[in-house]
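Heads up, the thing below is written out as structure tokens.
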Amino acid sequence: MHERTLAIIKPDAVSSRHSGEILRRIEESELRLIAVKMITLSGDDAGGFYAVHKERPFFRELVNFMSSGPIVVCVLEGENSILRWRGLMGPTNSEDAPKGTIRGDLGIDIERNAVHGSDAPGTAKLEIDYFFNATEICAPVEALP
């Protein structure tokens, strides 16, 4: 199924200068980057994005972390992009993520795990719409011969 998903390079990976490596892995996986921008979330913005976790004990810590520095938000497009991006990321807890995955190679723990990805098509649409308007998302450009 051809679909879109949201990818976030989190503050830990940006501050560790791993953004380029993560973008390289995305492109090598043949997922297409159709929108990319670097932003810094306010506490309110991070809280709004993670509102689904508002009642969870880790919510405030998550909001503080995600608003602690710049992030890179991306829209990825391709066949089964949600599943493929989640496979590239690896398990949420970096301590459990195998080498060769982004979290296994670049993450530290369950919070500082380098990246975020949508978990379902409906979530992907909501998350993409949270960060991007229609004019910021480009049609994929075919490779030159």
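As the structure is a prediction and not an experimental result, all values here were calculated from the model.
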Measure from the side-chain N and O atoms of [X] to the backbone N and O of [Y], and report whether any donor-acceptor pair falls under 3.5 Å.
X: Glu136; Y: Asn133; value: yes
X: Arg86; Y: Gly117; value: yes
X: Ser94; Y: Asp109; value: yes
X: Asp105; Y: Lys99; value: no
X: Ser67; Y: Val63; value: yes
X: Tyr130; Y: Asp45; value: yes
X: Glu3; Y: Ser81; value: yes
X: Trp85; Y: His116; value: yes
X: Ser16; Y: Ala13; value: no

Are [X] and [Y] side-chain neighbours, meaning at least one heavy-atom pair lies under 4.5 Å?
X: Val14; Y: Met38; result: yes
X: Ile9; Y: Leu23; result: yes
X: Glu79; Y: Arg84; result: yes
X: Asn113; Y: Leu106; result: no
X: Cys74; Y: Leu76; result: yes
X: Phe49; Y: Ile8; result: yes
X: Asp119; Y: Ile82; result: no
X: Met66; Y: Ile71; result: yes

Can you name the closest pair of heavy atoms from [X] and [Y] and give their distance?
X: Pro91; Y: Asp96; answer: CG-O, 3.9 Å
X: Pro11; Y: Ser68; answer: CB-OG, 3.7 Å
X: Ile102; Y: Ala114; answer: CG2-CB, 4.2 Å
X: Glu111; Y: Leu62; answer: OE2-N, 4.1 Å
X: Glu127; Y: Ser118; answer: OE1-OG, 2.6 Å

Atom [atom1] in [X], atom [atom2] in [Y]: separation rounded to 0.5 Å?
X: Met89; Y: Ile26; atom1: CE; atom2: CD1; result: 10.0 Å
X: Ile39; Y: Leu41; atom1: CD1; atom2: CG; result: 4.5 Å
X: Phe59; Y: Lys54; atom1: CZ; atom2: NZ; result: 5.0 Å
X: Tyr50; Y: Phe58; atom1: OH; atom2: CZ; result: 9.5 Å

Steps toward side chain to side chain contact (heavy atoms under 4.5 Å, CB included) verdict (Leu31, Leu88) = CA-CA 11 Å; Leu31 289 169; Leu88 277 172; 4.2 Å; yes

With a cut-off of under 6.0 Å to the ring centre and 45° to the axis, is Lys37 in cation-pi contact with Phe131?
-> no

Pair Leu33-Val75, side chain to side chain contact (heavy atoms under 4.5 Å, CB included): steps then yes or no | CA-CA 6 Å; Leu33 287 161; Val75 180; over 6 Å; no

Lys/Arg-Asp/Glu bridge criterion (N-O < 4.0 Å) met for Glu21, Arg24 |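 Answer for the salt bridge query: yes.
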
Over 12 non-hydrogen atoms of neighbours within 6.0 angstrom of CD in Glu55 =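 No, not enclosed.
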
Please test Arg4 against Glu77 for salt bridge (Lys or Arg N to Asp or Glu O under 4.0 Å), starting from the C-alpha separation and ending with a verdict.
-> CA-CA 4 Å; Arg4 292 178 174 175; Glu77 185 173 79; 2.7 Å; yes

